[in-house]
Amino acid sequence: MVSVQQSLQQVLRATLEECKDAGLFRCELPEIAISRPKRAEHGDFATNIALVLAQRAGRPPRALAEEIVGHLVDPEGMIAQVDVAGPGFLNFRIADAYWLRLLGEVLHTGDEFGRGSAASPGRINVEFVSANPTGPLHVGHGRGAAVGDALCRLLRFAGYHVGSEYYVNDAGNQVAMLARSTWVRYMELLCERDPSRGPAPALPEDGYQGEYVRDIALQLLERDGERWAGAEPPGDLEPIREFAVFVTLEWIRATLQRFRVEFDHWFSERTLHQSGALQRWVDALKARGLVKDEDGALWLKTTEMGTGDDKDRVLRKSDGEWTYTTADLAYHANKLERGFGHLIDIWGADHHGYVPRMKAVMKAAGAEPSQLEALLVQFVTLLQGGEKVAMGKRSGKFETLDDVIDEVGIDAARFFFLTRRHDSHIDFDLELAKKQSLDNPVFYVQYGYARACAILRRAAELGIDEAPYSLELSERLKLPEEINVLRRLADFPTLVAEAAAAREPHRLVFFLTELAQDFQSYYTRLQKVHGDTVLPQRRHREGDWQATWDFDKTRARLLWVRAIRQVMKNALALLGVEAPERMERMPAEAAAGPDEDEVEDDAGEAKA
RNA sequence: GCGCGUUUAGCUCAGGUGGAUAGAGCGUUGGUCUCCGGAACCAAAGGCCACAGGUUCGAAUCCUGUAACGCGCGCCA
């Protein structure tokens, strides 16, 4: 598949070769940058090549630009018009036939339209969420999940080979504390049932205070009865730890699955310890002199790795325990051993101080620091009616991801998490996200898609048979609005490639919003400005109307609608947002408020 | 104190790797309206791109410094 932009690139390269042969300049041809001008008067594409070459050619940019135009090599007649503009830009207008052919290409390639073959595919591992299995996912995890998942979809579509992965921290202090907290809640339950047991033990100060720990305790009680009862925690908390982690992980899996986030691999930290990988790595590092003994602990000399880490890091504490750094080293080395040449880690922005350390760890593991790429996802502030919704895991009063999904739905949550760059703060307005109106960008985009579907349905009802694509038929599309939309569809493959390379799925959101806008605008303008309609209306369908109605024009426009719908669908799929065939009409009394919520809750319970 | 990040319209944010007159949504103001899904559309007002220097044909974008805000600086994860 060759994009319009690539075709132009070829034309320009041939042209410049011609110029070189004519002695305009001697140097090697530089890369030809082609951009889409912001202003329509500047044509479909522009290049600054004359500005770049001016100095080496030894003549002013504008004069050089004129020369280049004079040597234009365009056997296919792709370029309808060239202008030299401003300081020396070359502005090109592409022949309409090229845009019309693109319409055929969209229809022909369908779900594959926009798929790329990345230049150096390699194998990329994307690790994200990786929340400790010590409680339900919260909103911040939700953003990481949406970004990571959309990025994986985008990278795959762009032609990279991607493995997605969740690192389960099922070893260490945090899960030990969860086990301890679970046991305390378990004892509370027992003491409530049987007051003669006396007061229950107190939760440790840094224990997990969330309500959910009681749920785990209750499940433990149901499974094991009074087996763990006592004044002191059992000597071996291992079975309780295992149980608590299992329960928590099931919650996390369920939430992610519901959120349409899938992982190729769930990697358990515990298995890493059990395999002896940590010890093996430390031995290897010792042999290479990268490790030092100090204060009874074993340190990795990360400051000597040239990655900017400001202090050395402990691998094994003086009490003999491994630190997370050691496990992370073994884990990332493991990813490399499994054939991933490039590792993307998606972390919360509060982990930014971790980057130089992990780069050093990569170096120590015998890899290049550049093989690790850390994407930092900024925090989300939840707003409800303009006011911040309090969060905070320690207080136990946090808004879980499930709460948010319940509130606004999966599509809105994913879309909102993906509308901003990953490193920019998000104010997530819950009121706006659940609004069934055009202020809500998710709704606006989905409505556009549903409307396109409705047009095609209606055409079928009217018995208008759709014709297959042909250039001749597509030439019935003559309105500037129609051609403009095709220009935008043509941007999609380039957008996919660039967004993937930049790791920026949010660009798809902007693309979709603009495309939906073009489409909506067209429908109003077609009637108001051009006095035309796509489909015959009732007023048209009188008498022997079929003899006079221009069916080919309608068929051309139906193909056009179909192509727009296709590209919307492809883009939405990359975001993991549903493309609905029809929008559910909201009840007229939608403004009702709290009453309505209760009604919904009741209905939900009745179903369950 | 050191390090990282952020600073663009009243608000929330884009700005395609240095390009032409700075972009969108919301909000505000004004309009279209017998409507294929009107759950629509159009237009206007609104800017010292935090500040000061520098690099070059050309800077919101790259460099240096300043300020404000956020985050990070454990033998925690």
Which of residues 516-526 of chain A have a heavy atom under 4.0 Å from RNA chain B? A:Q517, A:Q520, A:S521, A:Y523, A:T524, A:L526
Side chains of A:Y208 and A:Q174: donor-acceptor distance under 3.5 Å anywhere? yes
Assess, by modelled atom type and distance only, whether the side chains of A:D309 and A:T303 contain a donor and an acceptor separated by less than 3.5 Å. no
What is the separation between atom NE2 on A:H351 and atom C1' on B:C73, rounded to the nearest whole Å? 14 Å
Do A:F92 and A:Q81 make a side-chain contact, defined as non-hydrogen atoms from C-beta onward lying under 4.5 Å apart? no
Taking only N/O atoms, report every protein-nucleotides 17-21 of chain B pair under 3.5 Å with atom names and distance.
from  : atom 1 : to    : atom 2 : distance (Å)
B:G19 : N7     : A:N48 : ND2    : 3.0
B:A20 : OP2    : A:K38 : NZ     : 3.2
B:A20 : N6     : A:N91 : OD1    : 2.8
B:A20 : N1     : A:N91 : OD1    : 3.1
B:A20 : N1     : A:N91 : ND2    : 3.1
B:U21 : O2     : A:R39 : NH1    : 2.9
B:U21 : N3     : A:R39 : NH1    : 3.3
B:U21 : N3     : A:R39 : NH2    : 2.6
B:U21 : O4     : A:R39 : NH2    : 3.2

Hey, where does RNA chain B pair up into stems, meaning at least three consecutive Watson-Crick or G-U pairs with distances under 3.5 Å? B:1-7 with B:67-73, B:10-13 with B:23-26, B:28-32 with B:40-44, B:50-54 with B:62-66
If we take the C1' atom in both B:A59 and B:G19, what is their distance in whole Å? 9 Å
Quick one: label A:D429 by what it contacts on the DNA or RNA (base, sugar-phosphate, nothing), any heavy atom closer than 4.0 Å. nothing
Do the side chain of A:T323 and the base of B:C75 come within less than 3.5 angstrom through a donor-acceptor pair of N or O atoms? no
Residue list, side-chain contact (heavy atoms from CB on, under 4.5 Å) with A:D411, at least two apart or on another chain: A:R260, A:V442, A:Q446, A:V577, A:E578
Sugar-phosphate, base or nothing in reach of A:F379, heavy atoms under 4.0 Å: nothing
Taking ring pair (Phe, Tyr, Trp, His ring centres under 6.0 Å) as the test, write out the residues that go with A:Y449, two or more places apart. none
Applying ring pair (Phe, Tyr, Trp, His ring centres under 6.0 Å), name anything that partners A:F415, two or more places apart in sequence or on another chain. none
Residues in contact with RNA chain B, drawn from residues 456-463 of chain A - heavy-atom cutoff 4.0 Å: A:R457
Looking at residues at least two apart in the chain, or sitting in another chain, which of them share a ring pair (Phe, Tyr, Trp, His ring centres under 6.0 Å) with A:H530? none
When you compare the side chains of A:E482 and A:N484, does any donor N or O come within less than 3.5 Å of an acceptor on the partner? no
Of A:H422, A:R143, A:H425, the one forming a side-chain hydrogen bond (donor to acceptor under 3.5 Å, both in side chains) with A:Q378 is A:H425
Name each donor-acceptor pair under 3.5 Å that joins a side chain in residues 345-355 of chain A to protein atoms two or more places apart or in another chain, with its distance.
from   : atom 1 : to     : atom 2 : distance (Å)
A:D345 : OD1    : A:K335 : NZ     : 3.2
A:D345 : OD2    : A:H332 : NE2    : 2.6
A:Y354 : OH     : A:D328 : OD2    : 2.7

Students often mix this up, so state it plainly: with edges at 30° and 60°, are the rings of A:W545 and A:F551 parallel, tilted or perpendicular? tilted
Kindly write out the residues that satisfy side-chain contact (heavy atoms from CB on, under 4.5 Å) with A:R316, not counting sequence neighbours, or none if the list is empty. A:Q279, A:L298, A:W322
Taking the six-membered ring for Trp, is the centroid-to-centroid distance between A:F267 and A:Y166 below 6.0 Å? no
Considering only atom P, compute the distance from B:A22 to B:C26 and round it to an integer number of Å. 23 Å
Those residues at least two apart in sequence (or on a different chain) that pass side-chain contact (heavy atoms from CB on, under 4.5 Å) with A:E67 are A:L24, A:R59, A:H71
Any A:K311 side-chain nitrogen or oxygen under 4.0 Å from OP1 or OP2 of B:G74: yes
Walk along nucleotides 2-13 of chain B from 5' to 3' and tag each nucleotide B, S or - by protein heavy-atom contact under 4.0 Å, base first, then sugar-phosphate. -BB-------SS
Using a cut-off of less than 4.0 Å, is there contact between a side-chain N or O of A:K317 and OP1 or OP2 of B:G74? no
